[in-house]
J.: 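Below you'll find the structure I mean.
The basis for the numbers below is simple: all heavy atoms, side chains too, and nothing from hydrogens, waters or symmetry mates. Just follow the structure's listing: the first ligand is 1, and inside any ligand the first atom is 1.
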Amino acid sequence: MAGLLQGHIAAVTGGGSGIGQGICLAYAREGARVVVLDTNPEGASETVGLITKAGGKASAVTLDVTDREACKAAAGEVAKGGNISILVNNAGINRRNPITADAAAVAKDWDDILSINLDGMFNVTRAFLDQLRATRGRIVNIGSIQSFVHVSWPNSAAYTTSKHGVLGFTRALAAELGKDGVRVNAIGPGLIETRINAEARAKNPDMVASVMRHTPLNRAGKPEDIAGPAVFLASDMSAYVTGSIIMADGGFRTV
Ligand code: NAP
């Protein structure tokens with residue numbers, strides 16, 4: 001039986017680790033050819049290795065999403081193998097410092113987080129836009145529960161701002177690109193066990209407990225928990241879905 005993404009080429013930023021790697025593996029299982037875009041060449045080749053070992057097709061391009069010119073060059077390089085029809089803007093970082101902390105440190109957090117999580121999403125989307133319009137493609141942006149709230153996650157003004165921005169960008173692009181047949185949606189993960197929060201989880205069990213009190217499914221998520229919604233939003237199963245965010249948060253926003 002053909003996979004849900006047979007015939008598609010999918011580019012996934014931050015595909016060398018965590019949620020991005022989980023999405024790459026699921027897309028390849030569904031028949032897509034996957035292009036892993038990551039700053040981390042080791043992580044990216046690990047993802048490519050896992051996919052090819054399982055019989056799928058994948059390649060990697062080392063890319064820092066904050067480098068606008070490099071994004072354009074990467075899109076040109078990828079196009080030589082065919083236009084992508086799926087783009088996942090997943091690369092992201094997080095740091096949690098109070099806004100009242102040392103001014104230079106807070107400013108650095110702000111600059112780094114906004115430039116990767118928000119400017120990076122713009123840079124990559126703009127670079128691949130012609131390909132996505134040519135293929136009537138799909139864009140999947142990775143938001144967060146912090147696209148809506150910040151109360152359980154204090155000290156994260158920059159990250160909360162960036163993830164609200166991901167949702168705004170998703171809605172604005174859905175409105176603008178619908179006429180071209182390009183669908184643009186987001187996923188809002190809850191607490192997913194990956195490297196991004198490994199230190200916070202280890203150092204701050206109270207914070208994890210407070211998130212779990214808000215999580216009816218009463219467990220942290222795994223990257224595989226985000227892969228299903230990502231396949232849905234990239235496939236024809238979501239043909240009439242655009243401008244939406246699917247929360248994959250164990251029910252966090254319901255309580
Ligand atoms: P992760 O395991 O740290 O993976 C992030 C990946 O992005 C890493 O491979 C990282 O490379 C890469 N990356 C970082 N900066 C980059 C840049 N400038 N250009 C290209 N790639 C870059 O974290 P994750 O949890 O899977 O996070 C993926 C996305 O999910 C992020 O947008 C995050 O905000 C979002 N999210 C995560 C959670 C959660 O609980 N885990 C919840 C909600 C939303 P390096 O190895 O070089 O750092």
J.: Does the side-chain contact (heavy atoms from CB on, under 4.5 Å) test come out yes or no for Ile139 and Asn185, once each step is laid out?
T.: CA-CA 6 Å; Ile139 301 173; Asn185 291 289; over 6 Å; no
J.: Nearest non-hydrogen contact with atom 44 (C) of ligand 1 belongs to which option: Ser162, Gly143, Gly221, Gly92?
T.: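 Shortest heavy-atom distance from atom 44 (C) of ligand 1: Gly143.
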J.: Distance to 0.1 Å, residue and atom name: give those for the protein heavy atom nearest to atom 25 (O) of ligand 1.
T.: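 Checked against all protein heavy atoms, atom 25 (O) of ligand 1 sits closest to Thr194 OG1, 2.5 Å.
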J.: Is ligand 1 less than 4.0 angstrom away from at least one heavy atom of Leu191?
T.: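 Yes, Leu191 has heavy atoms under 4.0 Å from ligand 1.
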J.: Is it true that a side-chain atom of Arg195 and a backbone atom of Gly18 form a donor plus acceptor pair closer than 3.5 Å?
T.: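 Here the side-chain-to-backbone pair does not exist.
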J.: Can you tell which part of Lys163 has a heavy atom less than 4.0 Å from ligand 1: side chain, backbone, both or neither?
T.: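 Near ligand 1, Lys163 shows its side chain, while the N, CA, C and O stay back.
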J.: Would you say the side-chain atoms of Gln146 and Ser156 include a donor-acceptor pair closer than 3.5 Å?
T.: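 A pair is found: one side chain offers a donor N or O, the other an acceptor, under 3.5 Å apart.
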J.: With distance as the sole test, does Thr39 use its side chain to make a donor-acceptor pair with the main-chain N or O of Leu63 at under 3.5 Å?
T.: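 Such a contact is absent between Thr39 side chain and Leu63 backbone.
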J.: When clusters are formed from ILVMFWY side-chain contacts under 4.5 Å, directly or step by step, what else is grouped with Leu217?
T.: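 Leu217 shares its hydrophobic cluster with no other residue.
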J.: Looking only at protein heavy atoms, identify the closest one to atom 28 (C) of ligand 1 and say how far it is in Å.
T.: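 Of every protein heavy atom, Asn90 OD1, 3.1 Å lies nearest to atom 28 (C) of ligand 1.
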J.: Does Asn197 come within less than 4.0 Å of ligand 1, judged by its heavy atoms?
T.: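 A heavy atom of Asn197 does come that close to ligand 1.
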J.: Nearest protein heavy-atom contact for atom 40 (O) of ligand 1: which residue, which atom, what distance?
T.: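 The protein heavy atom lying closest is Ile192 N, 2.8 Å.
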J.: For ligand 1, is any non-hydrogen atom under 4.0 Å from Asp64's backbone (N, CA, C, O), its side chain (CB onward), both, or neither?
T.: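 Answer for Asp64: both.
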J.: Checking the N or O distance criterion of under 3.5 Å, is ligand 1 in contact with Asn40?
T.: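 The answer is yes, given that Asn40 and ligand 1 share an N or O pair closer than 3.5 Å.
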J.: Is there a polar contact, in the sense of an N or O pair closer than 3.5 Å, between Gly20 and ligand 1?
T.: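 Such a contact does not occur with ligand 1.
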J.: Is it true that Asp119 and Arg126 make a salt bridge, defined as a side-chain N closer than 4.0 Å to a carboxylate O?
T.: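 Not counted as a salt bridge, because no side-chain N and carboxylate O are separated by less than 4.0 Å.
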J.: Looking only at protein heavy atoms, which one is nearest to atom 9 (O) of ligand 1, and how far off is it?
T.: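 For atom 9 (O) of ligand 1, the nearest protein heavy atom is Asp38 OD2, 2.7 Å.
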J.: Is it the case that Thr125 and Asn89 place a side-chain donor and acceptor less than 3.5 Å from each other?
T.: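 Note: Thr125 and Asn89 side chains meet the donor-acceptor criterion.
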J.: Between Arg138 and Ser85, do the side chains contain an N or O donor and an N or O acceptor separated by less than 3.5 Å?
T.: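 Arg138 vs Ser85: no donor-acceptor pair found between side chains.
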J.: Tell me: protein heavy atom nearest atom 26 (O) of ligand 1, and distance?
T.: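 In this structure, atom 26 (O) of ligand 1 has Ile19 N, 2.8 Å as its nearest protein heavy atom.
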J.: Any chance you could lay out the salt bridge (Lys or Arg N to Asp or Glu O under 4.0 Å) test for Asp225 and Arg219, step after step, and finish with the verdict?
T.: CA-CA 11 Å; Asp225 291 311; Arg219 67 170 175 86; 3.0 Å; yes
J.: Is it the case that Asn97 and Asn155 place a side-chain donor and acceptor less than 3.5 Å from each other?
T.: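 Side chains of Asn97 and Asn155: no pair found under 3.5 Å.
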J.: Does a side-chain heavy-atom distance below 4.5 Å link Pro189 with Asp249?
T.: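 Pro189 vs Asp249: side chains apart.
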J.: Which residue holds the protein heavy atom closest to atom 1 (P) of ligand 1, what is that atom called, and what is the gap in Å?
T.: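 Among all protein heavy atoms, the one nearest atom 1 (P) of ligand 1 is Ser17 OG, 3.6 Å.
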J.: Name the option, out of Val36, Leu63, Ile113, that contains the heavy atom nearest to atom 20 (C) of ligand 1.
T.: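 That would be Leu63.
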J.: Between Ile116 and ligand 1, which part of the residue brings a heavy atom under 4.0 Å of the ligand: side chain, backbone, both or neither?
T.: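 For Ile116, the contact with ligand 1 is made by the side chain alone.
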J.: Which atoms of ligand 1 sit under 4.0 Å from any heavy atom of Pro189?
T.: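 In order of numbering, the contacting atoms are 42 (C), 43 (C), 44 (C).
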J.: Do any nitrogen or oxygen atoms of Asn117 lie less than 3.5 angstrom from nitrogen or oxygen atoms of ligand 1?
T.: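 No, Asn117 has no N/O under 3.5 Å of an N/O on ligand 1.
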J.: Which atoms of ligand 1 have any heavy atom of Gly18 under 4.0 Å away?
T.: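 Reading through ligand 1 atom by atom, the close ones are 2 (O), 26 (O).
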J.: For atom 35 (C) of ligand 1, what is the closest protein heavy atom, and at what distance to 0.1 Å?
T.: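 Result: Ile142 CG2, 3.7 Å.
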J.: When you measure from atom 38 (C) of ligand 1 to each heavy atom in Pro223, Gly190, Ser144, which option holds the nearest one?
T.: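 That would be Gly190.
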J.: Regarding ligand 1, does Val65 bring an N or O atom to under 3.5 Å of one of the ligand's N or O atoms?
T.: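 Yes; at least one N/O pair falls below 3.5 Å.
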J.: For the residue pair Phe148 and Arg253, establish whether any side-chain heavy-atom pair is separated by less than 4.5 Å.
T.: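 The answer is yes, as the side chains (C-beta and beyond) meet within the 4.5 Å cut-off.
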J.: Work out which heavy atom in Val36 is nearest to a heavy atom in Gly15; give both atom names and the distance.
T.: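 Distance-wise, the nearest heavy atoms are CG1-C, 3.5 Å.
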J.: Select the closest option to atom 7 (O) of ligand 1 among Gly43, Gly14, Gly15, judged by heavy-atom distance.
T.: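 It is Gly14 that holds the nearest heavy atom.
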J.: Using heavy-atom distances only, which candidate in Ile196, Thr39, Ile145 approaches atom 17 (C) of ligand 1 most closely?
T.: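 Minimum heavy-atom distance to atom 17 (C) of ligand 1 goes to Thr39.
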J.: With a 4.5 Å heavy-atom cut-off, do Phe122 and Arg68 have their side chains touching?
T.: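 In short, these two side chains touch, coming nearer than 4.5 Å.
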J.: For Gln21 and ligand 1, answer yes if some heavy atom of the residue is under 4.0 Å from a ligand atom, otherwise no.
T.: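 No, Gln21 has no heavy atom closer than 4.0 Å to ligand 1.
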J.: Starting from atom 36 (N) of ligand 1, what is the nearest protein heavy atom, named by residue and atom, and what distance separates them?
T.: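 Answer, as residue, atom name and distance: Tyr159 OH, 3.6 Å.
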J.: Should we count CD of Gln6 as having more than 12 external heavy atoms under 6.0 Å?
T.: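 Buried by this count: over 12 neighbours within 6.0 Å.
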